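Here is the structure we will look at.
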Number of protein chains: 2
Amino acid sequence: MSAETDTRSRILATAREMFHGRSYADVGIQEICEKSRVQKGSFYHFFPSKQDLALAVIDDMAKDWAHGFVAEAFDQNLPPLERLDYMIDAAYYWQKAAADIEGRMPGCLFGNLALEMSTRDEVMRAKLNAVFDRARDKFRFTLDEAVAAGALAAMDTDATATAMLAYLEGIILLAKTRNDPEVILILGPAIKTLRIELSH
Amino acid sequence: MSAETDTRSRILATAREMFHGRSYADVGIQEICEKSRVQKGSFYHFFPSKQDLALAVIDDMAKDWAHGFVAEAFDQNLPPLERLDYMIDAAYYWQKAAADIEGRMPGCLFGNLALEMSTRDEVMRAKLNAVFDRARDKFRFTLDEAVAAGALAAMDTDATATAMLAYLEGIILLAKTRNDPEVILILGPAIKTLRIELSH
DNA sequence: CCTTGACTTGACTGACCGGTCTAATACAAT
DNA sequence: ATTGTATTAGACCGGTCAGTCAAGTCAAGG
């Protein structure tokens, strides 16, 4: 029970790290097996295909994300607008830590996979889209609170939340291309300037 | 002369389309050769490696981009801030046209390749970074003009230009993940709300 | 003690990968 | 007509890909 779970989760952790640091196509099952010291057959006992593995990796990362990074950054004890700064900081330190260890900024696993796989795998696209939708909901909830508290003038919180998520992903994309986490720190705070008015 | 150029440019055009619509790793040289009706040997006569082909594709797209899309969108006869709206519209129609034909939004070739290749190929990363730098310059030039014309209060035009580029890439990323070009139209105009103040 | 079934092992498959090589061909200059 | 060069043709290379499979190991349950 513990051994079986261990094998599966070892595969999952390895795959997550490798997909994140490289790409889906560039990482082979054989390599994942070697690095997690598992045989091919064992791999296929737990995951019917490479696609299923990727789907599991996305779920796994989304779970950790929701319970760690996002839960802290969107801490409801903080004033709504400060949460955005916290989130930017969290993203920065995360990427910086990874860059310091690996030498390269891995960026956002979801963004990476989304651009690589959206045109090739509808199931994966839909799953990544759902992850983004949940992230947007976090932003929207924060914006709704800010508006209710009078910290922000009334706006289209749904559209603005989506805009903020897009901006965050864009910043990480650019930072990864520059291989420089500082970009997140420089551009991040401007996320609070984004605004989409209510249409009527 | 015309025939040789034709073979090379046929390879280039096919590769560009395929890399854009799928990904670098997913498209094989064999497939590119088949689709452009060229033999392997001819391919390697013109391009020493797949990496060189990708580099040439990036240059080719950047050239077309600078002369077409960007030149029109950043038309200096337009008031500076209107150029931003033009650019968003141009991005929308481009993606929509591709989505209508292919059924899927290809997104931005540069953004796609940047996320896929940045951690794997330093040469490609640097080239894509340079393309982004030039795009940022276009934004900065526009912002400088807007500030000079009094249409915008003084700001850190360099940082804001980078923020706008990040936002644009982020929008396209999200639109691609949703497979819905309309996202560009909804989120795009908010690019004008981005602002990074001068630090002092 | 025997069976069951989850798990592991590692050899194996056929397809495809990027890239090489030699020979044939087209064509321009002499 | 001949030679040199640019281009094309396509067989071929070793390696890797995702995935399969038959033969086990081993612990729990009857």
Side-chain angles (χ1 to χ4, degrees), chain A residues 1-58 112-113 116-117 119-125 127, chain B residues 1-58 112-113 116-117 119-125 127:
Chain A
M1 184 85 139
S2 130
E4 79 188 71
T5 297
D6 183 59
T7 299
R8 205 193 110 101
S9 66
R10 219 163 57 230
I11 294 169
L12 208 53
T14 306
R16 179 169 133 177
E17 191 188 322
M18 296 181 80
F19 286 155
H20 192 183
R22 303 214 251 138
S23 74
Y24 178 79
D26 193 46
V27 176
I29 286 171
Q30 192 174 297
E31 204 181 344
I32 293 171
C33 288
E34 282 162 14
K35 205 160 271 190
S36 40
R37 268 162 306 129
V38 160
Q39 281 330 95
K40 249 315 183 34
S42 298
F43 176 92
Y44 279 97
H45 173 72
F46 290 106
F47 301 98
S49 71
K50 191 184 180 186
Q51 188 211 32
D52 283 276
L53 170 66
L55 258 19
V57 163
I58 294 169
N112 295 350
L113 286 176
E116 184 183 0
M117 304 302 292
T119 54
R120 288 175 54 200
D121 190 313
E122 176 58 23
V123 178
M124 226 178 278
R125 203 218 94 237
K127 186 160 216 101
Chain B
M1 185 87 143
S2 129
E4 78 188 70
T5 297
D6 182 59
T7 300
R8 204 193 111 101
S9 66
R10 219 165 56 231
I11 294 170
L12 207 52
T14 306
R16 178 169 135 177
E17 191 188 323
M18 295 180 80
F19 285 155
H20 193 182
R22 301 213 251 139
S23 74
Y24 177 79
D26 193 46
V27 176
I29 286 170
Q30 192 174 296
E31 205 182 342
I32 293 171
C33 288
E34 282 162 14
K35 206 161 269 188
S36 39
R37 269 162 305 129
V38 160
Q39 284 322 99
K40 261 268 185 78
S42 299
F43 176 93
Y44 278 97
H45 173 73
F46 289 107
F47 300 98
S49 72
K50 191 184 180 186
Q51 188 210 34
D52 283 277
L53 171 67
L55 258 19
V57 163
I58 294 169
N112 296 350
L113 286 177
E116 184 183 1
M117 304 303 291
T119 54
R120 288 175 53 201
D121 190 313
E122 177 58 23
V123 178
M124 224 178 277
R125 202 217 94 236
K127 188 163 213 100

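Lettering follows sequence order; numbering is per chain, from 1. The shown structure was predicted, so the numbers you read here are calculated from the model rather than taken from an experiment.
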[N], OP1 or OP2 - any side-chain N/O from [X] closer than 4.0 Å?
| X | N | value |
| --- | --- | --- |
| A:Thr7 | C:dC7 | no |
| B:Lys40 | D:dG10 | no |
| B:Gln39 | D:dG10 | yes |
| A:Gln30 | D:dT16 | no |

B:Ser23 side chain to A:Glu116 main-chain N or O, any donor-acceptor pair under 3.5 Å? no
For the pair B:Arg22 (side chain) and B:Val27 (backbone), establish whether a donor and an acceptor sit closer than 3.5 Å, ignoring hydrogens and angles. no
Please figure out whether A:Pro48 or A:Glu31 has its closest DNA chain D nucleotide nearer the 5' end. A:Glu31
State which of C:dT20, D:dA9, C:dC7 makes the closest approach to the side chain of B:Tyr44. C:dT20
Proximal nucleotide (of D:dC17, C:dG10, C:dA6) relative to the A:His45 side chain: C:dA6
Heavy atoms under 4.0 Å, any strand shown: does B:Gly28 hit a base, just sugar-phosphate, or nothing? sugar-phosphate
Output for pair (B:Asp52 CG, B:Tyr44 OH), nearest 0.5 Å, gives 10.0 Å
If I take atom [atom1] in residue [X] and atom [atom2] in nucleotide [N], what distance separates them, rounded to the nearest angstrom?
| X | N | atom1 | atom2 | value |
| --- | --- | --- | --- | --- |
| A:Leu53 | D:dC17 | CG | C1' | 15 Å |
| B:Glu34 | D:dG10 | CD | C1' | 13 Å |
| B:Arg8 | D:dT8 | CZ | P | 12 Å |

When you compare the side chain of A:Phe43 with that of A:Gln30, does any pair of heavy atoms fall below 4.5 Å? no
